[in-house]
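The next block holds one structure in the form of structure tokens; read it before the comments.
Computed from a predicted structure; not experimentally measured.
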Amino acid sequence: MKKTIDQYSAFLQACFMIIAFMLAMVSEDAKHLLLQWVSLSLLWAMTLWRLAQSKHSYLSLRKDNVFWSYLLFVAWAVFSSFFLSSAKFISILMLIPFIGGLFSYFIAYTGNERKERYFDQLLLVIGLLLVVYTCYQKFYLGISRPIGLLMNWNSHAALLAMLVLPWVLIYALKPVLAVWKMTLLSLIAGLFAFAMGLTLSRGALLIPILSLFCLLLFVWRQKLSFRPSFTFITALILGILLTSFFSGETLVQRLDVVSHADSLAAIGSGRHLLWLPAWQMYLDKPFIGWGLGTFQFLHAQYKPLSSGELGAFAHNDYLQFLLELGPIGLVLFVVFVMFLVIRLVDLILSKNTDTSAYSVQAFAFLAISLGMLAHTFFTFHFYHLTLQLLFAYYLGRSARYFHLLKSEESTVNTGNIPQQKTGLLYRSFAVIVSVLMLSFGISFYYLKQADQALNDQARLDAYWQASLFFPALDYYDSFGSFL
């Protein structure tokens with residue numbers, strides 16, 4: 001009976017995560033703040049549930065330098081948004097993906113194999129549906145570069161890569177793999193690659209290229225068979241090449257343009273028109289930054305008069321962190337990335353006579369995460385709630401398996417931690433964050449009412465009610481002054 005209950009509990013928790021993930025996917029703009037809030041609330045509920053479980057499942061986080069570096073970066077983003085930002089309301093809203101990432105990291109770290117198996121299977125189903133939707137946008141709607149649900153072809157291609165690559169890397173490292181499983185997974189990988197090719201996103205190829213390069217290094221170092229890896233790589237390449245039979249302009253042609261490019265401007269597809277103004281923004285406020293999410297409002301003042309770029313993002317998260325969060329924010333983020341690189345190198349170079357499932361899982365999810373970090377040098381993945389959730393979830397899983405591999409979790413000493421103090425800390429933390437979440441949710445509801453108002457007075461009243469629950473909201477003052 002207990003085993004059945006545990007199975008249903010694991011499945012329900014996986015469904016909660018999938019629902020939060022789907023809500024994030026369909027709310028990738030400021031018009032759907034309520035959906036983002038619901039997604040964040042589901043993640044917070046799961047975090048509370050995991051915190052209330054056995055402390056042995058998460059106390060080893062105290063030794064996880066990746067988590068602490070990630071937490072410090074997010075903490076600086078929060079401090080900057082509330083106290084240093086030039087537009088506090090916008091900056092606080094932009095915190096949603098980063099806070100969601102922390103919740104996702106913790107949920108993944110405190111999971112188990114059964115919950116992860118359900119989540120992985122449901123996530124693969126979503127990925128296959130996105131492949132079908134990509135083909136629908138391309139061949140039925142006639143969209144030249146399908147954007148999926150993320151409203152951006154680069155982000156959509158990156159999401160497709162991150163959904164299929166865990167299966168590719170993990171199964172490529174299995175000591176024994178049935179022929180039918182290899183054939184089926186190769187077909188699935190080819191379908192995902194075909195959908196990625198339809199987006200014509202060159203930069204998104206960095207994710208599979210870096211991940212598969214690390215895979216080959218891992219296979220070579222651990223003296224494993226290269227056959228599964230080469231089979232999956234072949235399937236991915238064939239999937240991309242197949243797009244040339246169904247599309248006028250192909251990803252292969254766009255890659256050929258890069259090979260003949262003689263300047264950074266040509267390789268970056270015009271991103272220098274965003275990077276140069278972004279650098280000038282940083283020079284005008286070089287110490288504390290302008291505040292998270294302010295690039296889109298500053299760009300119009302800094303871009304060349306002849307430029308037609310809308311400039312919602314700098315298309316380089318590292319540069320955007322520099323101008324929005326200042327040098328401190330960028331340094332904290334780079335430290336976080338360096339810890340990840342060091343851990344990946346440790347996993348690749350550590351020679352194991354028997355490659356365990358722990359090392360395979362830790363390596364696979366970490367390699368994919370670093371692939372995304374490479375791609376985000378040319379785009380804005382960290383400002384997408386969907387990609388942040390998936391990225392942080394992979395990191396949390398990798399961290400948990402890494403600590404299991406190093407036997408750190410079994411050596412955590414919980415006896416010296418007073419139970420009364422931890423209980424009080426838990427209850428206080430839960431109440432404070434829950435009140436804040438409820439307050440933000442009510443405020444977002446009134447913001448939605450303001451968007452649907454029929455006249456200026458009704459809109460002003462809705463903004464005033466929203467500001468009661470979100471004191472940093474400046475819509476009421478600015479709109480009132482306009483009237």
### Task
Flag the pair Leu319 / Met281 as yes when at least one side-chain heavy-atom distance between them is below 4.5 Å, and no otherwise.
no

#### Entry: Shortest non-hydrogen contact from Thr234 toward Phe230
OG1-O, 2.7 Å

### Task
Considering non-hydrogen atoms only, spot the tightest contact between Thr243 and Phe194 and give its length.
CG2-O, 3.3 Å

### Task
With Lys448 as the cation and Tyr445 as the aromatic partner, state whether NZ or CZ is under 6.0 Å from the six-membered ring centre and within 45° of the axis.
no

### Task
Mind telling me whether Tyr136 and Tyr133 have parallel, tilted or perpendicular rings, with 30° and 60° as the class edges?
parallel

#### Entry: Atom pair OH/OH of Tyr105 and Tyr70 - distance to nearest 0.5 Å
9.5 Å

### Task
Write down the atom of Ile170, the atom of Ala364, and the distance for their closest heavy-atom approach.
CG1-CB, 3.8 Å

### Task
Decide yes or no for Leu165 and Phe192: does some side-chain heavy atom of the first lie under 4.5 Å from some side-chain heavy atom of the second?
no

### Message
Nearest 0.5 Å, please: how far is OG in Ser201 from CD1 in Ile147?
### Response
13.0 Å

### Task
Check whether any side-chain heavy atom of Tyr393 lies under 4.5 Å from a side-chain heavy atom of Arg397, and answer yes or no.
yes

### Query
Run the side-chain contact (heavy atoms from CB on, under 4.5 Å) check on Leu347 and Leu405 step by step: do they pass?
CA-CA 10 Å; Leu347 287 168; Leu405 181 66; 3.8 Å; yes

## Note on the structure
In Phe119, Tyr401, Phe365, the residue satisfying ring-ring contact (aromatic ring centres under 6.0 Å, His included) with Tyr394 is Phe365

### Query
Where the side chain of Gln388 meets the backbone of Gly101, is there a donor-acceptor pair that is under 3.5 Å apart?
no

### Message
Let me confirm one number: the CH2-OG distance from Trp37 to Ser27, rounded to the nearest 0.5 Å.
### Response
13.0 Å

### Query
Looking only at heavy atoms, what is the nearest atom pair of His381 and Asp317, with distance?
N-OD2, 3.2 Å

### Query
For the residue pair Phe336 and Phe73, is the inter-centroid distance of their aromatic rings smaller than 6.0 Å?
no

### Query
Considering all heavy atoms of both residues, which atom of Ala158 and which atom of Ala204 are nearest to each other, and what is their separation?
N-CB, 3.9 Å

### Heavy-atom side-chain proximity of Gln361 to Glu113 below 4.5 angstrom
no

### Query
Under the 3.5 angstrom rule, does the side chain of Thr183 hit a backbone N or O of Val179 as a donor-acceptor pair?
yes

### Chi angles and distances behind the side-chain contact (heavy atoms from CB on, under 4.5 Å) call for Leu292, Ser80
CA-CA 8 Å; Leu292 204 61; Ser80 171; 6.0 Å; no

### Check: Phe333 ring centre within less than 6.0 Å of Tyr318 ring centre
yes

### Query
In this structure, are over 12 heavy atoms from other groups packed under 6.0 Å from Phe139 atom CZ?
yes

### Message
Before we go on, tell me: are the rings of Phe67 and Tyr109 under 6.0 Å apart, centre to centre?
### Response
no

### Task
Could you go through the side-chain contact (heavy atoms from CB on, under 4.5 Å) check for Ile18 and Leu123 one step at a time?
CA-CA 7 Å; Ile18 288 295; Leu123 208 58; 3.9 Å; yes

### Task
Go through Leu163 and Leu390 one step at a time and tell me if the side-chain contact (heavy atoms from CB on, under 4.5 Å) criterion holds.
CA-CA 9 Å; Leu163 289 176; Leu390 195 57; 4.0 Å; yes

### Task
For this output row, return yes or no: ring centroids of Phe391 and Phe382 closer than 6.0 angstrom.
yes

### Task
State, to 0.1 Å, how close Leu373 and Thr376 come at their nearest heavy-atom pair, and which atoms those are.
O-CG2, 3.2 Å

### Spatial distance of atom CG (Leu215) from atom CG (Leu173) [nearest 0.5 Å]
5.0 Å

### Query
Parallel, tilted or perpendicular for Phe378 and Trp275, by the 30°/60° rule?
tilted

### Query
For Leu325, does its backbone N or O pair with a side-chain atom of Trp76 as donor and acceptor, under 3.5 Å?
yes

### Task
Could you give me the CA-CA distance, side-chain angles and deciding distance for Ser155 and His384, then say whether side-chain hydrogen bond (donor to acceptor under 3.5 Å, both in side chains) is met?
CA-CA 8 Å; Ser155 303; His384 278 295; 2.9 Å; yes

### Message
Please report the interatomic distance CZ(Phe297) to CD1(Ile90), rounded to the nearest 0.5 Å.
### Response
4.0 Å

### Query
Are the side chains of Leu212 and Leu236 in touch, meaning some heavy atoms are under 4.5 Å apart?
yes

### Message
Please confirm whether the ring centroid of His315 lies under 6.0 Å from the ring centroid of Phe380.
### Response
yes

### Other residues, nucleotides, ligands: >12 heavy atoms within 6.0 Å of Leu454 CG
no

### Summary
Separation between NZ (Lys138) and CG (Leu198), nearest 0.5 Å, reads 6.5 Å

### Query
Got Leu385 and Met25 here, is their nearest side-chain heavy-atom distance under 4.5 Å?
no

### Query
Taking the six-membered ring of Phe106 as reference, does the NZ or CZ atom of Arg50 fall below 6.0 Å from its centre and within a 45° cone about the axis?
no

### Query
So do the side chains of His32 and Val26 get within less than 4.5 Å of each other, counting heavy atoms only?
no

### Heavy atoms of other groups near Arg117 CZ, more than 12 under 6.0 Å
yes

### Query
Any side-chain heavy atom of Ser39 within less than 4.5 Å of one from Leu389?
yes

